[in-house]
Every structure is written in structure tokens, then in C-alpha cells.
K.L.:
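Got a structure for you, written out below as C-alpha cells; questions coming shortly.
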Amino acid sequence: MIIALAASLSMLSCTKTTQPNDYNVDRFYDLEVLRYDVPDFDQLTEQQQLLICYLTEAALYGRDILYDQNCRYNLAIRRTLESIYTNYPDKTNEQYLLMEKYLKRVWFSNGIHHHYSEDKFLPEFTQEWFAEAIHCIPQADIERLLEGYNGDAEAMFAELMPVMFDPTVLPKKVNQADGVDLLLTSANNYYAGLTQAEAEAWYAAHKDNSPEPLWIGLNSRLVKHADGTIEEQVFRIGGHYSQALEKIVENLEKALEVAENDQQREVIEKLIEFNRTGDLKTFNEYCIAWVKDLESRVDFVMGFTEVYGDPLGITGAWESMINFKNLEATKRTSVLAANAQWFEDNSPTAKEYKKEQVRGVSAKVINAALLAGDCYPSTPIGINLPNANWIRREYGSKSVTVQNITDAYDKAAQGNGFNEEFMISSKEIEMTRKYGSLDDNCHTDLHECLGHGSGKMLEGVSKDALREHGSTIEEARADLFGLYYIADPKMVELGILPNNEAYKAEYYRQMMNGAMTQLVRVELGKDLEEAHMRNRQLIANWVLAHTNPEAPEVQIVKREGKSYMQVNDYEGLRKLYGELLAIVQHITSTGDYQMAKQLVETYAVKIDPELHREMLERYKKLDLAPYKGFVNPVYKMLCDKEGKVISIQLNYNEGYAEQHLRYSRDYSPLPTWND
Ligand code: ZN
């Protein structure tokens, strides 16, 4: 993902980095904002630090793209709110404070829909107050708001009102519900005016069936015009989102000049070219170059990547994570990667679904240096890319575990009372204290660097055969692979876990979380929507439904009116995980849509309302936020009179609102309306 600039680097000095003194930055609704450390930044070479700086600059310019992808009104609403936030005269006004709270939520979700549940959230301030408050917006901001809009300010605000205040308008960002048109009922901006059938027909007609297929639709949106023609608008310089992509490329060019080696240079060059042309063949070349870049210390993800935001699972949301290798922890994943074939050969899946040769499984542990786009403020703790199956098969994939983010979660959660409330006895609490963190990292490593890359599809099975259930099944497959193997004596033999007891903390937590405690993230009466949550419940509930009725390996028990997960037989639980892994691999390898649908609908979607209510009540008493996100550190390049960078400063002092306002001021190149 990125970079440029061959200044003489000998003069460069890095200000000693300090640790953040406060990890908990802000708290509102069900959200908490944390800070993360960037350990070892000062041990990078000056060139590597500079590379990171240019990459972070490029990454920040993608922020607006994601807002617009999530919903076409998001930029207008964010900019309106930010202007009121800055210019409203009475900052103690009750309605103003409710507006501030709503704006913080918009920043957190990159738009007006909850980042996890996908539901639109409503302001608590009144429409009347808002209609008054917009009068404080200065003329310059009004002009900005009208960029790309066909009409005047009055018409525009009138259009925004129902989008913000009417719960029936655009209620869902990504609809996955069965039996309705998924495009017409989704609020996101990947399709304009098309029905699901029309979009599917378009994709079918343009599908690339060659052995090295282009991912048609990854970097574009489909628009149906009044005359009935369908236009594909490609995200590239000179095309859609051009203004943002120009700034991204400008900074990638600077990064290019300080690349660490030729391989990394090729990666950055290909990405620049892809952003210029939108050519998907270049994108494939970029992915391949990126997979091959294993030696560089600095690395990045940057561009249209994950497809969870598209109800059809085709178009990528813009995201970025700038990072560098954590050398110590990477030793752990290297051991796994070196033994990848052993894991493949010994997995409980059918022989015909195994890869004869697991190739290019590379794994490393990284520290995030900056999160952006769909990785910000809420962020994944592991990444496995690229997503194209044929590239994974031919060239392998890169898997990373993001250690400093996991550590930040751990620090923020210490002693918050959660385990004490939900775990069945002090034994489980103690086990989790002792092994929880290690298990967590270890399971993520297995999931990312072996799980996703394991197994193969039978000849002729399409990558999107499982359609809307594809993401859930794929995540379940990787999770189950990790669960099955974390309990294997091989883990102790390889020196990854200290003993044959350590894995139990992960088993207990997975069952408790999948069937019970993750429900605290969902509103009462709602179904599970998000692929990772569905996958976790699928695993836990399938296991609970398939235990031995005479002597259940695991069960939910009641004590003093409270439900607890109780594991009676850890080895038996491992067998069940193995059985389900074999089933899920079968579904993936054969592309059996009906079977996927049945599995997901039976175990992954519906929630037991009694249990749900109980979890919410117990959780509420703890007064914790179920979702966490982050503020980024600030990198400052100090230049001399000639513009040469002489020093890089890293600091952790920026507040949440401060950071978002700065990003909106300095990294916001898109017009407000991008139709
Ligand atoms: Zn995954």
C-alpha cells in the first residue's frame, strides 16, 4: 500500500516516543474510544519512519470515500454537523450537547448507520432545533455543502431532514434479510436505481471466467439511468472519487522514493497505477506483488478491500492500515507457517478438500501505525489478504495479527468485572487471567495464517456460490480451524502454548461469547446480522445442539436465576469443533448454497429472546461499552527551509473530536455530493 521522497535522510532525527498516559479517551452510547501505543517506532530506521509518514498521509485521504460509500448523504450530514459544532454560539445548550453526542457517533460509524448493527441511529436533539441551528453555518461552509448538489441550500437541508430524523427512511446500511430486494432495502451507495436482479444480471454478463479472473465490480458502482441503461462508474483518477485518489497517489509517490527495497517499490508502483487507471488486471498484479513482499519491515493495506459492506459481496469498502513488523511476536507465527502442511494434512476435513500443497502461507505479527477508512475508528485485530481465491491458491496470502491493538483492548478491559459476572466459577476466571491473552493471539494467528488459507474448492465451484452466506461460512471455517488446532498437542510441541491446559481458556470463552455474551452488542428483538457475530453463534449453537444428551460435553446451566456456560469435557468439545469444521469445509469446497443457508438460518441468525434479555440486563449493570474504537497517534514531519524533512514527531495527545475535526479540515478532498 504506498509512498515517496528521497531526501537526504542522514539528518533525520526522531523525537523519542512516549506512551499514552490515558488509554480511555471518550465514551458515548454503546461506544468507547481508546488509544493505542506504537511500540518500537523509534527503533525503525529514519527511512522506514519517513515511509510510514507518507503512507499515513495517503491513508487519511481515503476517509471521505468510505463515508460516501456507506451512504450518499453521509458527507453532507457530517459537514453540516461539524459546522454547527464549530460555529454554534451556545456550547452549553442542551440540544447542542445532544448534537455533539450524535456527531461523535457519526464519526465512529463513518456515517449515520451503526458500524456493527448496520441500523440507522436517530438524533436525540429535535428537528426544530436543528432547523434553527443550521442558520449559524457560515457562507463558506454552505458553499462547500453544495459542492456537487443540484439545487440550493434550502432544498438540500430539506432533503437531509428525513434522512436524519425519519426512522423509516434508509433504516439499514446493508440488508441481509431473506426474501426482499437486498439493494433497494440497503442504504449504502454501491448501487443507484438498480434492483438486485438487475445488478446480478449485470455481474453475470460481465463475469470473468478465465483462470486468472478480474474481480469485476471491486472498484466501481453501478448506476441505472433514466433511459434504462446501466453505467459502471469506476473509482479511479479522472473517474469516480478522483479528488481523493489524486491525493492518495500524490503521497504514494513520495512513499515510493523511500521504499525499503525493489519488491516494495513494485507494490507501491502497481497501487499508484491501479488508482490512476482502475484497471483490475493491475490490481491483480498489485496483489501478487504485495503477497511476495515479505522482507520489508513496513507494510500496508490501502484501497477497496473488504466486501462486507456490499449486500452482494462484490464491491470493496475503502480501508487502510499502515503497519510494521513486530519482530519478537512474528517468531510465533513463523513457526505456524513453517508447519502449514502438517496442519492441512491432519485436519478433520475430507481428503478431497485438502490442499496437496499449501503454498505461501506467510504470517506475521504487526503493530498498527495508523488506522483509516473502514479500519477506523473500529478496527480488526487480524487481517488476511488478498481476497481473490485464485491468487491465494497460486501465490499464497499474507496474514497478520495486530498486536498493539489487541494489547490496547486488554489494557482497557483489565478489571472491568465482565468475567466475574459471566463466567461460571473462579476456575474459569483464573484460567482466563493466566492464558486468555496468549490464547487470543494464538487463535487469531491460527485463524488468519492457516484457517483462511486452508482447504480447496472443487473444480468449477465459484467463489460467490454461497452468496449472502459466504462471509459467515468463511469466517466459521477459519475460526473452527483455529479452535480445532489450538487444543492440539502440536501447539505445545512447537513451543507456542506452554502446556496442554492453556487452550481451555479459549474454548470456554468461545462458547460463552458465541452463545451468550456477544448478544450484549445487539438490541433486543433484533437478529444477528454481522458475519463474524453470526459465525460465532453458529459455532456455539451448533455445538450445543449436537452434544451427547446422556453426558453433554458443554451446556448452559442456571444458577440463582442466572445462565452460565459450563464445559464438562474439553476433549469432547474439541471433537465437536472438528465435526463442524468438516461440514463447513464440505460446504465451502462444494459451494453448497442450500446447506450453507440451512446452517446459517438454523444456528446463526435468530436469538433466544429470554437469554438475550438476561444478557443485556446483567451487562447493563456493569456499565461497559460493547464496541471499541481508537484515535490514531499523530505523526508530524518537521521540515527545514528547503522543505526537507529533518525530524519526525510521534505523539499521543490528540482527543477524539479534535482528531476528527482535523481530518475533516486537512484530509477531505471530495465534494459533498458524488453522484
Ligand atoms: Zn477471518
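Whatever order the structure lists them in is the order used to number ligands and atoms, beginning at 1.
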K.L.:
Taking the six-membered ring for Trp, are W318 and F304 parallel (under 30°), tilted (30 to 60°) or perpendicular (over 60°)?
P.N.:
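The arrangement is perpendicular - the two ring planes meet at more than 60°.
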K.L.:
Look only at the side chain of D37 and the backbone of P39, and say whether a donor-acceptor pair between them is shorter than 3.5 Å.
P.N.:
no
K.L.:
Do Y577 and Y507 make the cut of ring centroids closer than 6.0 angstrom?
P.N.:
yes
K.L.:
I want to verify a count. Protein N, O or S atoms less than 2.8 Å away from the Zn ion (ligand 1), how many are there?
P.N.:
3
K.L.:
Between R392 and N384, do the side chains contain an N or O donor and an N or O acceptor separated by less than 3.5 Å?
P.N.:
yes
K.L.:
Cation over ring, K463 on W215, under 6.0 Å and within 45°?
P.N.:
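K463 over W215 ring: yes.
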K.L.:
Does the structure place the NZ or CZ of R221 under 6.0 Å from the centre of the six-membered ring of Y191, at an angle of no more than 45° from the ring's axis?
P.N.:
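Geometry flag: not set, cation outside 6.0 Å or 45°.
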